[in-house]
Amino acid sequence: MADRITPAERSAVMQRIRKTDTRPEIVVRRAAYALGFRFRLHRRDLPGTPDLCFPGLSKVIFVHGCFWHLHARCRLARPPKSRLDYWLPKLERNIERDRTAIAALRRLGWKTLVIWECETRKPELFERKLRMFLGRWPAASARPAPSSGVRLVRAS
């Protein structure tokens, strides 16, 4: 029984869990930025407060924690072992809130993408998912200029 955690210790652990700027979210931000896309964070005026918003593309991305949003068939989403009467309704409300927010965003003309925490552990897979969702080039101005055969040399 020595490995049991007290309610005060559990509370302290839960208070350290972040809502924004999580590690998976930062991984996705860096990948989108590296691909040349610019975005807004946590637009509170949009349903569900998407993690990344691309206003010019009318697209948003949610980065979901596998546990908190009950990612199906994911080892990170295992249900808690205690206080199921508290946790299961709470996690189910998260899923329902996600569905409502995505439906509202779609009605407003936004395209949505959910990237799961477990997907951020395989960068090549979720970066491909990002490219497919956002498009090949971030904007016409960011496309590489056709090669003219002229090399630019910096003066020293």
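Given the structure is predicted, the values throughout are model-derived calculations rather than measurements. Heavy atoms only: backbone and side chains are in, while hydrogens, waters and symmetry mates are out.
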Practice prompt. Test side-chain hydrogen bond (donor to acceptor under 3.5 Å, both in side chains) on E119 and H71 and set out the steps.
Written response: CA-CA 11 Å; E119 292 176 323; H71 187 199; 5.8 Å; no
Fill in: With A32 via side-chain contact (heavy atoms from CB on, under 4.5 Å) - residues at least two apart
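With sequence neighbours excluded, A32 shows a side-chain contact (heavy atoms from CB on, under 4.5 Å) to F39, L52, F54, L130, given in chain and number order.
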Practice prompt. With sequence neighbours left out, write down each residue that passes salt bridge (charged side-chain N to carboxylate O under 4.0 Å, His left out) with D85, or none if nothing qualifies.
Written response: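 Partners of D85 under the salt bridge (charged side-chain N to carboxylate O under 4.0 Å, His left out) test: none.
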Please set out all donor-acceptor pairs under 3.5 angstrom arising from side-chain atoms of residues 101-117, sequence neighbours excluded.
unit_1, atom_1, unit_2, atom_2, d
R106, NH2, T112, OG1, 3.3
E117, OE1, C66, N, 3.1

Worksheet entry | Smallest separation among heavy atoms of P50 and P47, with atom names |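 Smallest heavy-atom distance, with atoms named: CD-O, 3.8 Å.
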Worksheet item: Given R40 and L46, is the side-chain contact (heavy atoms from CB on, under 4.5 Å) satisfied, shown in steps?
Response: CA-CA 12 Å; R40 299 284 164 256; L46 291 175; over 6 Å; no
Worksheet item: Between CG of L88 and CZ of R93, what distance do you get to the nearest 0.5 Å?
Response: 11.0 Å
Practice prompt. Measure the spacing between CG of L91 and OH of Y86 and express it to the nearest 0.5 Å.
Written response: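 If we round to the nearest 0.5 Å, L91:CG and Y86:OH are 9.0 Å apart.
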Tell me, do [X] and [Y] make a side-chain contact under 4.5 Å, heavy atoms counted?
X: D51; Y: H42; value: yes
X: R97; Y: N94; value: yes
X: P80; Y: F67; value: yes

Item to complete: Run the salt-bridge test on R99 and E96 with the 4.0 Å N-O cut-off and return the result as yes or no.
Response: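 A salt bridge links R99 with E96.
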Worksheet item: Is the shortest distance from a Lys or Arg side-chain nitrogen in R128 or E124 to a carboxylate oxygen in the other one below 4.0 Å?
Response: no
